[in-house]
Amino acid sequence: MARRESAAAGPGSRALVVDLIRSSGPISRVELVKATGLTQPTISNIVRRLLDDGVVRETGDTVATGGKPRTLLVINSRSAYGVGIRVGADTLTCVVTDTRGGTIGRELIAVSPAEDVVTQLSDLYLHVTGGLGLAPQSVAGLAVVAPGPVDVARGRFLALPGFGHLDLRRALSARLGVPVLVDGDAAAAAVGEFWGRQVSRDRTFGCLYMNSGIGSGVVLDGALHRGASSNAGEIGHVSVVREGDPCRCGNRGCLELYAAPAALVSRARTITGLADRLGIRADDPDARAFDVLARAAIYGDDQARVLVDESAALLADGALTLANLWDLDTLVLAGPGFAVAGSLYVSEIRRRLGERAVSRRIHAVQVDLSSNPRDSAAIGGAALVLQGSVAPGHGPQVAVPQT
């Protein structure tokens, strides 16, 4: 059961109640009163509206208390659907989830350099939702996520070539007629893992995300910590080598320059015979080459294992920084970079936090691997939309921008 709250009966109260039902359900109205500190009439009014909106449903089960049986409430998984699309270097991944975070559809396509990106994203959205037979009114919206930094207010991806001056949020919303969000992949993955795992809002929840770069997200009291411009959590741009290599961000010696997949692939190519022996071709994208390298490390190739272990040690330093800054009690590793050798990273991070975390004598930090690391950002995009729709106050505002 989540800790007792003292929320006023305002817009955030609905978000609080939805979050408690999501993470603690099945749960009764009486338990909601005890958990939130809200009055019984307030809880009854909020629950009635949630039932009317179809966000929650009564299970039909009751709890005997010696008096009137208590009816239990759960999230209605079919009340709405969220769509998330992750923009990668050469692929687009589209995922559709239900209100509880369960994946009901997925499609991955190659990016066509010759085709307009708004058209590609729109066509992918329409193809996937149409193929699933989803009624337009059942879709809460679309979130497009990519590596940061992101200008969330203006719908722009600043780190992707050709995207810096394109307001994707407005362009896609005008094309599709649905609410559209634009956000960072690490932030989205954090919300997706929090939402889909039914994590209680009393947890201080962190997500370490690795794809082409390295990022993180932290969820506090059920809401993503965003920072001044929604770009909090750029742990990949913390310096780990003083006066090290220059980074695109303007800093030097950044973590992702030494620990991210591209850095390991680049080093592997410099080791005589390693790339040829593993079957890494000169024209292989970094993502594929890293999967090959990580698989070799798992299966006992000494040279590959040394590279992955060095990356894991640096990531463990980043995880330690994250845990100490936020006093985390839960950390999940997500992103395609953890898809193959995630177990090696989890083991090293668990060991490092167990030995060095400031809070280790008070509480342990639970470290887990995402159940779907490759799709975690796209799933998180869908979760962002759903959180903003069914639990306004905890998630971003979900509305169609005015033209």
S.K.: Side chain of Arg169, backbone of Val180: donor and acceptor closer than 3.5 Å?
M.R.: no
S.K.: Let's go through Glu193 and Tyr209 carefully: what are the C-alpha distance in whole Å and the side-chain angles of both, what is the deciding distance for side-chain contact (heavy atoms from CB on, under 4.5 Å) to 0.1 Å, and is it a yes or a no?
M.R.: CA-CA 11 Å; Glu193 293 293 333; Tyr209 184 85; over 6 Å; no
S.K.: Please determine which of Arg14, Arg201, Arg203 meets the salt bridge (Lys or Arg N to Asp or Glu O under 4.0 Å) test together with Asp19.
M.R.: Arg201
S.K.: Determine the minimum heavy-atom distance between Ser122 and Arg175, stating which atoms define it.
M.R.: OG-CG, 3.3 Å
S.K.: So for atom CZ, which belongs to Arg78, do other residues, nucleotides or ligands contribute more than 12 heavy atoms lying within a distance under 6.0 Å?
M.R.: no
S.K.: Okay, side chain of Ser376, backbone of Pro373: is any donor-acceptor separation there less than 3.5 Å?
M.R.: yes
S.K.: With His363 as reference, evaluate Asp329, Asp327, Thr204 under the side chain to side chain donor-acceptor pair (under 3.5 Å) test and give the passing residue.
M.R.: Asp327
S.K.: Can you list the residues that meet the side-chain contact (heavy atoms from CB on, under 4.5 Å) rule with Ala319, with sequence neighbours excluded?
M.R.: Leu208, Leu331, Ile349
S.K.: Going through the distances and angles, do Ser343 and Leu369 end up as a side-chain contact (heavy atoms from CB on, under 4.5 Å)?
M.R.: CA-CA 7 Å; Ser343 60; Leu369 180 65; 5.7 Å; no
S.K.: Salt bridge or not for Asp183 and Arg226, using N-O below 4.0 Å?
M.R.: yes
S.K.: Which atoms form the tightest heavy-atom contact between Leu278 and Ala296, and what is the distance?
M.R.: CD2-CB, 3.6 Å
S.K.: May I ask you to decide if Gly102's main-chain N or O and Asp98's side chain share a donor-acceptor pair within less than 3.5 Å?
M.R.: yes
S.K.: Could you tell me the separation between the CD1 atom of Ile235 and the SG atom of Cys254, rounded to the nearest 0.5 Å?
M.R.: 11.0 Å
S.K.: What I want to find out is whether Arg305 reaches Asp302 closely enough, with some N-O distance under 4.0 Å, to be called a salt bridge.
M.R.: no
S.K.: List the atom of Ile46, the atom of Ser13, and the distance in Å for their closest heavy-atom pair.
M.R.: CD1-CB, 3.7 Å
S.K.: Does some side-chain heavy atom of Leu314 sit less than 4.5 Å from a side-chain heavy atom of Leu255?
M.R.: yes
S.K.: Check the pair Trp195 / Ile379 against side-chain contact (heavy atoms from CB on, under 4.5 Å), numbers first and verdict last.
M.R.: CA-CA 10 Å; Trp195 191 267; Ile379 292 170; over 6 Å; no
S.K.: Heavy-atom distance under 4.5 Å between the side chains of Val83 and Val128, does that happen here?
M.R.: no
S.K.: Give me each pair satisfying salt bridge (Lys or Arg N to Asp or Glu O under 4.0 Å) with a member in residues 337-352, each pair once, sequence neighbours excluded.
M.R.: Asp317-Arg352, Glu348-Arg351, Glu348-Arg352, Arg350-Asp368, Arg351-Glu355
S.K.: For Ala110, does its backbone N or O pair with a side-chain atom of Thr91 as donor and acceptor, under 3.5 Å?
M.R.: no
S.K.: Looking only at atom types and distance, does a side-chain atom of Ser216 sit under 3.5 Å from a main-chain N or O of Gly233, one as donor and one as acceptor?
M.R.: yes
S.K.: Would you say Arg154 has more than 12 foreign heavy atoms packed within less than 6.0 Å of its CZ?
M.R.: no
S.K.: Search all heavy atoms of Arg29 against all heavy atoms of Ile43 and return the closest pair with its distance.
M.R.: O-CG2, 3.9 Å
S.K.: I want to check something: taking the side chain as every heavy atom from C-beta on, are Leu172 and Tyr125 in contact at a cut-off of under 4.5 Å?
M.R.: no
S.K.: Under 3.5 Å, side chain of Glu256 to main-chain N/O of Cys247, donor-acceptor pair present?
M.R.: no
S.K.: Using the rule side chain to side chain contact (heavy atoms under 4.5 Å, CB included), only one of Leu38, Thr42, Val17 pairs with Leu32; which is it?
M.R.: Val17
S.K.: Counting N and O atoms only, with roles assigned by atom type, does the side chain of Thr99 sit under 3.5 Å from a partner on the main chain of Ala80, one being a donor and the other an acceptor?
M.R.: yes
S.K.: Strictly below 4.0 Å, N to O, side chains only: are Arg374 and Asp291 in salt-bridge contact?
M.R.: yes
S.K.: Taking the side chain as every heavy atom from C-beta outward, state whether Arg269 and Val265 have any pair of such atoms under 4.5 Å apart.
M.R.: yes
S.K.: Ignoring hydrogens and geometry, is there a side-chain-to-backbone donor-acceptor pair from Ser266 to Ala262 under 3.5 Å?
M.R.: no
S.K.: When you compare the side chain of Thr103 with that of Asp375, does any pair of heavy atoms fall below 4.5 Å?
M.R.: no
S.K.: Any salt bridge between Arg281 and Asp283, counting N to O under 4.0 Å?
M.R.: yes
S.K.: Would you give the length of the straight line joining atom CG of Asp151 to atom CZ of Phe163, rounded to the nearest 0.5 angstrom?
M.R.: 14.5 Å
S.K.: Of all heavy-atom pairs between Leu257 and Ala263, which one has the smallest distance, and what is that distance?
M.R.: O-CB, 3.1 Å
S.K.: Decide yes or no for Leu220 and Trp326: does some side-chain heavy atom of the first lie under 4.5 Å from some side-chain heavy atom of the second?
M.R.: yes
S.K.: Got Glu58 and Leu73 here, is their nearest side-chain heavy-atom distance under 4.5 Å?
M.R.: yes
S.K.: What is the distance from atom CZ of Arg295 to atom CZ of Phe290, rounded to the nearest 0.5 Å?
M.R.: 11.0 Å
S.K.: For Ser239 and Asn251, which I'm curious about, is there any donor-acceptor pair between the side chains at under 3.5 Å?
M.R.: yes
S.K.: Looking at every non-hydrogen atom in both residues, tell me the closest pair between Ala334 and Ala189 and how far apart they are.
M.R.: CB-CB, 4.4 Å
S.K.: Not counting sequence neighbours, which residues clear side-chain hydrogen bond (donor to acceptor under 3.5 Å, both in side chains) with Arg277? List them please.
M.R.: Asp301, Gln303
S.K.: Do Asn76 and Ser79 pass the side-chain hydrogen bond (donor to acceptor under 3.5 Å, both in side chains) test, and can you show the C-alpha distance, the side-chain angles, and the key distance before you say yes or no?
M.R.: CA-CA 5 Å; Asn76 178 9; Ser79 66; 5.0 Å; no
S.K.: I'd like to check Leu132 versus Tyr81 (side-chain heavy atoms, cut-off strictly below 4.5 Å). Are they in contact?
M.R.: no
S.K.: SG/Cys94 to CD1/Ile109 distance, rounded to the nearest 0.5 angstrom?
M.R.: 8.5 Å
S.K.: Determine, for Glu31 against Arg70, whether the closest basic-nitrogen to carboxylate-oxygen distance falls under 4.0 angstrom.
M.R.: no
S.K.: Working note: Leu320 + Leu353, criterion side-chain contact (heavy atoms from CB on, under 4.5 Å); need CA distance, chi angles, decisive distance, verdict.
M.R.: CA-CA 6 Å; Leu320 179 62; Leu353 294 182; 3.8 Å; yes
S.K.: For Ala289, is there any backbone N or O sitting under 3.5 Å from a side-chain donor or acceptor partner on Asp284?
M.R.: no
S.K.: Does any N or O in the side chain of Asn231 come within less than 3.5 Å of the main-chain N or O of Ser229, such that one atom is a donor and the other an acceptor?
M.R.: yes
